[in-house]
**Student:** 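Can you read through this structure? Questions will come right after.
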Amino acid sequence: MVPIPEKVAAQIDKISGQKRRTTFIVELLEQEIERREQLAALSEAVGCWNDEDHPELANGSEAFVRELRDGAAQRLEK
């Protein structure tokens, strides 16, 4: 059991309904765990991208995607 201050419990009940307090808290905890896992993964990945390994993106990802789409459209026309 985790003690929750009465004021916080009342605010939760107002938002979620008194019978859904546990569900509300669990959903928030799951979201926060996922957020922190994503932040940790991003931190671990810092520096793994090397521009030399991806020269196709030298002009930016938008230009690269546009080139891919144009090539696909040309192949479809043939």
**Student:** Anything under 3.5 Å between a donor and an acceptor, one on a side chain of residues 1-12, the other on a protein residue two or more places apart or in another chain? List them.
**Tutor:**
none

**Student:** Could you go through residues 18-31 and list every donor-acceptor pair under 3.5 Å that involves a side-chain atom there, pairing it with any protein atom two or more places apart or in another chain?
**Tutor:**
residue, atom, partner, partner atom, Å
R21, NE, D13, OD1, 2.9
R21, NH2, D13, OD1, 3.3
R21, NH2, D13, OD2, 2.5

**Student:** Share the residues that join V46 in a hydrophobic cluster, the rule being Ile, Leu, Val, Met, Phe, Trp or Tyr side chains under 4.5 Å apart at the heavy-atom level.
**Tutor:** none

**Student:** Going by the rule side chain to side chain donor-acceptor pair (under 3.5 Å), which residues pair with N50 if we only count those two or more places apart in sequence or in a different chain?
**Tutor:** none

**Student:** Going by the ring-ring contact (aromatic ring centres under 6.0 Å, His included) test, which pairs reach into residues 1-23, not counting sequence neighbours?
**Tutor:** none

**Student:** Got a sec, which pairs hit salt bridge (charged side-chain N to carboxylate O under 4.0 Å, His left out) with one end in residues 52-63, sequence neighbours left out?
**Tutor:** E62-R66

**Student:** Going by the ring-ring contact (aromatic ring centres under 6.0 Å, His included) test, which pairs reach into residues 57-78, not counting sequence neighbours?
**Tutor:** none

**Student:** Any salt bridge (charged side-chain N to carboxylate O under 4.0 Å, His left out) involving residues 35-44? Give me the pairs, sequence neighbours left out, ordered by first then second residue.
**Tutor:** E32-R35, E32-R36

**Student:** Using a side-chain heavy atom cutoff under 4.5 Å and only I, L, V, M, F, W and Y, what cluster partners does L39 have?
**Tutor:** none

